[in-house]
Amino acid sequence: MSAESTPEHAIPGPGEPAGPGSRRRGKGRRRKPRARRRKALLVAAWSAAGVVVLGGTGAGVLYFKLNGNLTSVDIDQALGTDRPEKADNGSQNILVLGSDTRSGGNDELGGGTDDGTARSDTAMIVHVYQGHKKASVVSIPRDTLIDRPECTGTDGTEQPAAHEVMFNSAYSTGGAACAVKTVESVSGLRMDHYLEVDFSGFQKLIDDLGGVDVTTTEAIKDPDSHLDLAAGTHTLDGEQALGLVRTRHGVGDGSDLGRIQLQQAFVKALVDQVKDVGLLGNPKKLYDVADTATRTVTTDSDLGSVNSLMSFASGLKGIGASNMNMVTMPVRYDPADANRVLVAGDKARQVWDALKNDRPIPGSATEGTATGGAEDVVTTS
């Protein structure tokens, strides 16, 4: 969770006992879906699945017991008024981060490094179009070199702006507020909401849901991520799902871009399956999912109650996997460092301009950009 957040006490529930510039670095090379669409978007964001499902059941009495689980951050107060203007076209932008902190239960999970810091291992901008019937999701590679604006550090000290640093360092520098500020600086888009998911909670959430079905078109093996999958159809448990969305060595060109392609495929599989997990007839399972989800997620203060999350989710009932367009921010490999990518400026601007004007992202924005080589390695079963 974000270092600047302070969670409230949980109430027990039923049954509980970076752009181009001058650099000097070494060279390198490089089952049938039902109609309950209201569940889709936040599940796709990995963080509020249980809350969204809960809202569809009419069992609203439970969510008052879940409020104490939620952690929130006042992004607006932290950033002040020096931000892009809010869109007036009915659209919304939500920044979703997966936290790579090695604290708590996360230090036993595959991937990442135990260096005492926290990073945004996964970052997605979810743009909800006017009418809330479709969305575009733009993944931001963690290894992108960007110019980070000045931020207040997690220790309260002022951190000066930094040139050509990795994107995910913004979170380790100043937590949620610095991550939002950096994304707004890079994209020119105002983030209306913020959602952060803790990886150990993500693993438990998948287990509570009963796993997720995917098909792999080739074998994926990555000891670092505790992942060993033969080609074929699998029901991934929480550990396997986490390994899949974090592996970067088992598929494609071994870069973060290949991992992003796996993440996007898994999100769509999760959205397709969550409608069929049988929660409506299983109150105990329903509560477990909602309890895990609310313990796992950190939100901006506007979404910092179950009532607020439910109101937000109810406005997204028309969005499902079939009307979510998922892309990666256009980048190119850094010729000076095999482990970094650079923003493809003109093409990235096509993406941000489209979202700012609430238009579909044009196909030309991602043509000819670096991809990672892991497309279609994972598909829905």
A.B. asks: Got a donor-acceptor contact below 3.5 angstrom from the N357 side chain to the D353 backbone?
C.D. replies: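 Judged by distance alone, yes, a pair lies under 3.5 Å.
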A.B. asks: Please give me the minimum heavy-atom distance between V343 and R332, naming the atom from each residue.
C.D. replies: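 Minimum heavy-atom contact is O-NE, 4.4 Å.
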A.B. asks: Assess whether atom NZ of K221 is packed by more than 12 heavy atoms of other residues, nucleotides or ligands within 6.0 Å.
C.D. replies: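 For K221, atom NZ is not crowded (no more than 12 foreign heavy atoms under 6.0 Å).
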A.B. asks: Is it true that the side chains of T152 and Q159 contain a donor and an acceptor less than 3.5 Å apart?
C.D. replies: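 Result is no, nothing qualifies.
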A.B. asks: Supply the atom-to-atom distance E375 CD to T217 OG1, rounded to the nearest 0.5 angstrom.
C.D. replies: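 Rounded to the nearest 0.5 Å, the CD-OG1 separation comes to 10.5 Å.
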A.B. asks: Under 3.5 Å, side chain of D222 to main-chain N/O of L227, donor-acceptor pair present?
C.D. replies: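 Judged by distance alone, no pair lies under 3.5 Å.
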A.B. asks: Distance from N307 atom CG to N67 atom CG, nearest 0.5 Å?
C.D. replies: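 The distance works out to 6.5 Å.
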A.B. asks: Could you tell me the separation between the CG atom of D82 and the CD atom of E184, rounded to the nearest 0.5 Å?
C.D. replies: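 So the CG of D82 and the CD of E184 are separated by 9.5 Å.
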A.B. asks: Calculate, to the nearest 0.5 Å, the distance between atoms CG and CD1 belonging to L95 and I140 respectively.
C.D. replies: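 Going from CG on L95 over to CD1 on I140, the span is 6.5 Å.
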A.B. asks: Between R83 and D76, is there a salt bridge with N-O shorter than 4.0 Å?
C.D. replies: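 Counted as a salt bridge, because a side-chain N and a carboxylate O are separated by less than 4.0 Å.
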A.B. asks: Say you draw a straight line from CD of Q263 to OG1 of T328; how long is it, rounded to the nearest 0.5 Å?
C.D. replies: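 Result: 9.0 Å between the selected atoms.
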A.B. asks: Can you give me the closest heavy-atom contact between Y194 and V180, atom names plus distance?
C.D. replies: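 For Y194 and V180, the tightest heavy-atom pair comes out as CD1-CG2, 3.7 Å.
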A.B. asks: Hydrogens and angles aside, do S308 and S305 bring a side-chain donor and acceptor to less than 3.5 Å of each other?
C.D. replies: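 Looking only at side-chain atoms, S305 and S308 do form a donor-acceptor pair, the distance falling under 3.5 Å.
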A.B. asks: At what distance, to the nearest 0.5 angstrom, does CG of D207 lie from OG1 of T292?
C.D. replies: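 Those atoms lie 9.0 Å apart.
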A.B. asks: Please check this pair: side chain of Q240 against backbone of D237, looking for a donor-acceptor N/O pair closer than 3.5 Å.
C.D. replies: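 A pair under 3.5 Å: yes.
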A.B. asks: Would you please name every residue forming a side chain to side chain contact (heavy atoms under 4.5 Å, CB included) with Q350, sequence neighbours left out?
C.D. replies: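 Per chain and number, Q350 pairs via side chain to side chain contact (heavy atoms under 4.5 Å, CB included) with K347, P362, S364, A365.
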A.B. asks: Could you go through I206 and L242, starting from their C-alpha distance and side-chain angles, then the distance that decides it, and tell me whether this counts as side-chain contact (heavy atoms from CB on, under 4.5 Å)?
C.D. replies: CA-CA 9 Å; I206 298 302; L242 183 59; over 6 Å; no
A.B. asks: Could you tell me whether D143 and R259 make a salt bridge, using a distance below 4.0 angstrom between a side-chain N and a carboxylate O?
C.D. replies: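 No, this pair does not count.
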A.B. asks: Are side-chain N/O atoms of T233 and T215 paired as donor and acceptor at under 3.5 Å?
C.D. replies: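 There is such a pair (donor and acceptor under 3.5 Å, judged by atom type) between the side chains of T233 and T215.
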